[in-house]
Colleague: 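I am attaching a structure below and will ask some questions about it afterwards.
A note on names: the letters A, B, ... follow the listed sequences, proteins ahead of strands, and every chain is numbered from 1.
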2 protein chains.
Amino acid sequence: MENFKLFLNSLTPVSDGEFENYSQYFKDRSLPKNNYFAVQGKICQEVAFIKKGTLRTYYLNEKSEEVTSCFCTENNLTTSYKSFVSQQPSELSIQAIEDTELLVIDYRDLQNLYQKSSVWQNIGRIIAERQYMVMEQYANVLCNETAKEKYLRLLKEEPSILNKASVNDIASYLGVTRRTLSRIRKEITQ
Amino acid sequence: MENFKLFLNSLTPVSDGEFENYSQYFKDRSLPKNNYFAVQGKICQEVAFIKKGTLRTYYLNEKSEEVTSCFCTENNLTTSYKSFVSQQPSELSIQAIEDTELLVIDYRDLQNLYQKSSVWQNIGRIIAERQYMVMEQYANVLCNETAKEKYLRLLKEEPSILNKASVNDIASYLGVTRRTLSRIRKEITQ
DNA sequence: TGTATTAAAGGACAAATGTCCTCGAAATTA
DNA sequence: TAATTTCGAGGACATTTGTCCTTTAATACA
């Protein structure tokens with residue numbers, strides 16, 4: 001819970017009282033490796049704070065290949081954001097790639113929080129704004145960096161991912177094929 | 001003003017009274033072709049609703065080439081969102097590519113609106129959520145579609161852009177070079 | 001334990017895209 | 001109007017990336 005409090009306070013000041021009053025809305029959940037937090041085609045009804053572990057967000061493209069769009073790491077949130085916000089079926093699946101511990105809140109409870117507390121409403125807006133900035137960054141990277149630059153960025157910013165995820169997942173995350181990733185790795189180790 | 005009201009109501013119900021009370025915060029502004037709404041390196045202090053016209057959002061990459069990241073069209077919002085939200089210098093410039101009419105609100109007034117009215121606070125969150133979804137869509141397109149598919153998508157979804165923007169701007173928006181765009185266009189007209 | 005399956009590396013060739021260039025049309029300016 | 005500049009199309013070749021395939025190692029399973 002402590003890390004969750006720190007996370008919230010990094011967004012906007014949350015008093016201890018405010019936190020105590022509402023943190024009960026968040027439920028503990030274990031998600032063993034390979035289990036799903038969200039499934040394509042179903043409405044994603046929950047948001048979770050990741051206490052421990054890593055998840056992978058992916059969807060199936062028109063060739064039914066899994067395309068990894070995001071790795072979700074410790075002390076961050078995870079959800080199929082678009083599905084959650086719009087309450088429409090999710091285009092994404094979210095799967096634990098190692099044993100994971102979550103703090104979960106569902107859509108209805110979160111809307112209640114928004115009603116009851118302007119602090120939480122504020123948090124909701126700030127998170128949406130943050131999510132946007134992260135996505136903008138991701139889009140810029142995709143647009144402007146070569147495969148090699150993208151790999152080096154991942155190596156620098158999220159090196160732990162490289163041990164936890166498969167070559168396939170990393171490649172699709174970087175927007176290249178396995179073959180290209182293999183070439184890049186060879187080039188770098190020389 | 002009527003279109004602005006329609007725009008807001010497409011996000012969340014806004015009563016006439018609520019609209020009348022607060023729409024005075026938004027000021028009319030004309031932006032002739034080639035003039036700037038936001039400039040790289042300066043904090044973007046405003047958001048605008050585009051009554052008429054088109055703007056182009058771009059930044060300079062490491063080779064000092066302009067990379068167009070967005071075309072902003074009528075009856076939508078424009079701002080250097082990240083700069084506005086975080087109140088940090090903008091990485092983007094926003095320039096009118098034809099004579100443009102705006103409804104503008106500045107950061108301080110918008111924060112006031114958020115304080116005064118939970119309807120507006122709600123609008124703020126919903127807009128952030130929408131911005132995210134648009135950006136997610138953009139990132140997916142960049143990641144998964146070929147240059148030709150991206151061009152055809154633009155042709156279908158925002159054909160007016162193709163007449164208004166230069167080949168250079170369209171190419172950088174699609175994440176390809178002028179040369180590739182030229183090839184695509186030739187292929188399509190056959 | 002031995003067999004089957006899956007995952008990663010990398011060879012050979014094909015396709016897509018980029019770089020550098022020229023040409024001509026259109027727009028701008030003297 | 002004539003000269004100059006800008007912009008878009010496209011040729012030639014280089015580079016990057018993808019596709020398909022084989023080999024090897026690791027993992028799962030009967």
Side-chain angles (χ1 to χ4, degrees), chain A residues 32-35 54 56 58 60-68 71 95-99 140-155 159-190, chain B residues 32-35 54 56 58 60-68 71 95 97-99 139-155 159-190:
Chain A
K33 181 173 177 175
N34 293 330
N35 282 40
T54 311
R56 168 177 85 97
Y58 71 87
L60 300 178
N61 66 13
E62 65 293 341
K63 295 173 201 154
S64 296
E65 299 159 338
E66 292 183 2
V67 179
T68 297
F71 291 108
Q95 184 181 31
I97 61 173
E98 59 183 346
D99 290 346
N140 278 340
V141 163
L142 275 177
C143 189
N144 293 295
E145 297 189 346
T146 63
K148 189 178 173 185
E149 287 167 337
K150 284 186 276 189
Y151 182 79
L152 290 172
R153 174 186 292 275
L154 190 62
L155 190 63
S160 68
I161 294 298
L162 297 176
N163 311 318
K164 291 173 182 171
S166 73
V167 168
N168 244 326
D169 294 350
I170 296 168
S172 74
Y173 178 67
L174 296 175
V176 298
T177 58
R178 234 182 12 245
R179 186 69 193 81
T180 300
L181 180 54
S182 163
R183 273 191 276 248
I184 291 166
R185 285 182 148 168
K186 190 178 183 183
E187 204 184 335
I188 286 172
T189 54
Q190 279 165 4
Chain B
K33 182 173 176 174
N34 293 330
N35 282 41
T54 310
R56 170 177 84 96
Y58 71 88
L60 299 178
N61 67 12
E62 65 293 341
K63 295 174 200 154
S64 296
E65 298 158 338
E66 292 182 1
V67 179
T68 298
F71 292 107
Q95 184 181 31
I97 60 173
E98 59 182 345
D99 291 348
N140 278 341
V141 164
L142 276 176
C143 190
N144 293 295
E145 296 190 346
T146 63
K148 188 177 172 185
E149 288 168 336
K150 285 186 275 188
Y151 183 79
L152 289 173
R153 175 187 291 275
L154 189 62
L155 189 64
S160 68
I161 294 298
L162 297 176
N163 310 317
K164 291 173 181 170
S166 73
V167 167
N168 246 325
D169 293 350
I170 295 169
S172 73
Y173 177 67
L174 296 175
V176 299
T177 58
R178 230 176 25 240
R179 187 69 192 82
T180 299
L181 180 54
S182 163
R183 273 192 275 249
I184 291 166
R185 284 182 149 169
K186 188 177 182 185
E187 205 184 333
I188 286 174
T189 54
Q190 279 165 5

Colleague: Any sub-3.5 Å donor-acceptor pair from B:Asp99's side-chain atoms to B:Lys33's backbone N or O?
Modeller: yes
Colleague: Looking at B:Ile184, B:Leu181, B:Thr68, which hits side chain to side chain contact (heavy atoms under 4.5 Å, CB included) with B:Leu174?
Modeller: B:Leu181
Colleague: Report the C-alpha separation of B:Ile170 and B:Val167 in whole Å, then their side-chain angles, then the decisive distance to 0.1 Å, and conclude whether the side-chain contact (heavy atoms from CB on, under 4.5 Å) test is met.
Modeller: CA-CA 5 Å; B:Ile170 295 169; B:Val167 167; 5.8 Å; no
Colleague: Just the atom pairs and distances: protein N or O near nucleotides 23-29 of chain D's N or O, under 3.5 Å.
Modeller:
none

Colleague: Any side-chain heavy atom of A:Glu66 sitting closer than 4.5 Å to one from A:Leu60?
Modeller: yes
Colleague: Could you tell me from which nucleotide to which nucleotide of DNA chain C, 5' to 3', there is an atom under 4.0 Å from chain B heavy atoms?
Modeller: C:dT17 to C:dC20
Colleague: Could you state the CD-C1' distance from B:Glu187 to D:dG10, rounded to the nearest angstrom?
Modeller: 14 Å
Colleague: Once you build an axis from the first five pairs and another from the last five of the helix from C:dT1-D:dA30 to C:dA30-D:dT1, how far apart in angle are they, to 10 degrees?
Modeller: 40°
Colleague: Extract from the structure each pairing of a protein N or O with an N or O of nucleotides 17-20 of chain D at less than 3.5 Å, listing the distance.
Modeller:
unit_1: D:dG18; atom_1: OP2; unit_2: A:Thr177; atom_2: N; d: 3.1
unit_1: D:dG18; atom_1: OP2; unit_2: A:Thr177; atom_2: OG1; d: 2.9
unit_1: D:dG18; atom_1: OP2; unit_2: A:Thr180; atom_2: OG1; d: 2.3
unit_1: D:dG18; atom_1: N7; unit_2: A:Arg183; atom_2: NH2; d: 2.6
unit_1: D:dG18; atom_1: O6; unit_2: A:Arg183; atom_2: NH1; d: 3.2
unit_1: D:dG18; atom_1: O6; unit_2: A:Arg183; atom_2: NH2; d: 3.4

Colleague: Please report the shortest heavy-atom distance between A:Pro32 and A:Ala96, naming the atom on each side.
Modeller: O-CB, 3.8 Å
Colleague: By ring pair (Phe, Tyr, Trp, His ring centres under 6.0 Å), which residues pair with B:Phe71, not counting sequence neighbours?
Modeller: B:Tyr173
Colleague: Expressed as a whole number of angstroms, how long is the span from A:Lys186:NZ to D:dT16:P?
Modeller: 15 Å
Colleague: With sequence neighbours left out, which residue pairs that include part of residues 168-187 of chain A fulfil the salt bridge (Lys or Arg N to Asp or Glu O under 4.0 Å) condition?
Modeller: A:Arg56-A:Asp169, A:Lys148-A:Glu187
Colleague: How close do B:Ala147 and B:Thr180 get, counting heavy atoms only, and between which atoms?
Modeller: CB-CG2, 4.1 Å
Colleague: I'd like to know whether A:Asn35 forms a side-chain contact (heavy atoms from CB on, under 4.5 Å) with A:Gln95, so could you lay out the CA-CA distance, the side-chain angles of the two residues, the decisive distance to 0.1 Å, and finally the verdict.
Modeller: CA-CA 6 Å; A:Asn35 282 40; A:Gln95 184 181 31; over 6 Å; no
